[in-house]
Structure formats: C-alpha cells, structure tokens
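Below is one structure, written out as structure tokens; comments come after it.
Here, residue 1 is the first one in the sequence, and each next residue gets the next number. Values below: every heavy atom of this structure, side chains too, minus hydrogens, waters and symmetry copies.
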Amino acid sequence: MSGMKIIWWAVNIVWLLIFSGIAVFIGAINVDGAGIAQTPESKMVSFVILGLMFLIVVLVQLIFLYFIKKAQSSFN
C-alpha cells in the first residue's frame with residue numbers, strides 16, 4: 001500500500017470519528033447553547049444536515065481516491 005493511500009485511510013478514519021462524535025452529541029443534548037429545548041424534529045433536521053455534509057465529504061474523498069489510484073497506475 002502506498003503512502004498516499006495510507007494517508008487517505010487515516011484521514012477517513014478521522015472524518016468518521018468526527019462525524020460519529022457530532023452525531024452522538026446531537027442525539028444526547030436536550031437543550032442547546034441558547035437554552036432552547038431540542039425537539040425530535042429539530043434533532044432530525046440536525047441529523048439531515050450532518051448527513052448531507054457527510055455525503056459531501058464522501059464524494060470529495062472518493063474523488064481523491066480516484067486520483068490516487070490513477071497516479072499509482074501511471075507509476076506502474
């Protein structure tokens with residue numbers, strides 16, 4: 001496995017930990033920083049927004065993986 005691919009996997013693990021932590025935080029809080037109670041609907045909106053951001057990160061990471069594999073095949 002090349003160095004770039006190892007870095008790619010490490011970055012993905014960091015992203016996964018970040019998104020998991022945020023998801024747990026959203027699910028666990030009952031009151032936000034302004035003192036407003038979090039209803040299930042507002043939590044669901046937060047999860048949807050987090051999911052959309054996750055999809056954007058996944059797409060960018062897949063594009064990077066494509067270029068990494070393309071660069072590796074050109075060296076072989």
Side-chain angles (χ1 to χ4, degrees):
M1 195 182 293
S2 74
M4 288 298 290
K5 208 171 214 183
I6 292 172
I7 293 171
W8 183 83
W9 276 108
V11 169
N12 280 332
I13 290 170
V14 169
W15 275 116
L16 187 62
L17 291 173
I18 290 170
F19 278 106
S20 299
I22 294 172
V24 168
F25 179 74
I26 290 171
I29 61 171
N30 293 325
V31 179
D32 67 3
I36 299 172
Q38 294 295 302
T39 63
E41 293 83 11
S42 64
K43 286 184 180 186
M44 190 58 62
V45 170
S46 296
F47 282 127
V48 168
I49 293 169
L50 182 64
L52 291 173
M53 292 306 299
F54 183 75
L55 286 176
I56 291 170
V57 170
V58 166
L59 289 174
V60 170
Q61 289 291 54
L62 288 175
I63 291 169
F64 279 134
L65 180 62
Y66 170 76
F67 285 115
I68 289 171
K69 285 188 175 192
K70 191 173 180 180
Q72 283 179 347
S73 67
S74 68
F75 285 120
N76 293 332

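- Although no hydrogens or angles enter the test, the distance criterion places no donor-acceptor pair under 3.5 Å between the side chain of S42 and the main chain of Q38.
- Here the straight-line distance linking atom CZ of F54 with atom CG of L59 works out to 10.5 Å at 0.5 Å rounding.
- Rounded to the nearest 0.5 Å, atoms CE (M53) and CD1 (I22) are 9.5 Å apart.
- The line from NZ of K43 to CG of L50 is 14.0 Å long, rounded to the nearest 0.5 Å.
- Following chains of ILVMFWY side-chain contacts shorter than 4.5 Å, one cannot reach I26 starting from V45, and the two form parts of different hydrophobic clusters.
- Linking Ile, Leu, Val, Met, Phe, Trp and Tyr residues whenever their side-chain heavy atoms come within less than 4.5 Å leaves I49 and M44 in two separate clusters.
- Here the CG atom belonging to D32 is positioned 9.0 Å from the OG atom belonging to S46, to the nearest 0.5 angstrom.
- The neighbour count for F19 CZ, taken as heavy atoms of other residues, nucleotides or ligands under 6.0 Å away, is above 12.
- L65 and L55 fall into different hydrophobic clusters, defined by Ile, Leu, Val, Met, Phe, Trp and Tyr side-chain heavy atoms under 4.5 Å apart, directly or through other members.
- Linking ILVMFWY residues whenever their side-chain heavy atoms come closer than 4.5 Å, directly or via other members, places V14 and I56 in the same cluster.
- Contact between Q61 and W8 at its shortest, heavy atoms only, is O-NE1, 3.0 Å.
- Within a 6.0 Å radius of CZ in F25, other residues, nucleotides and ligands contribute 12 heavy atoms or fewer.
- Distance check, rounded to the nearest 0.5 Å: CG of L62 to CD1 of I68 gives 11.0 Å.
- In this structure, CZ in F64 is found 12.0 Å from CD1 in I7, a value given to the nearest 0.5 Å.
- Linking Ile, Leu, Val, Met, Phe, Trp and Tyr residues whenever their side-chain heavy atoms come within less than 4.5 Å leaves W9 and L16 in two separate clusters.
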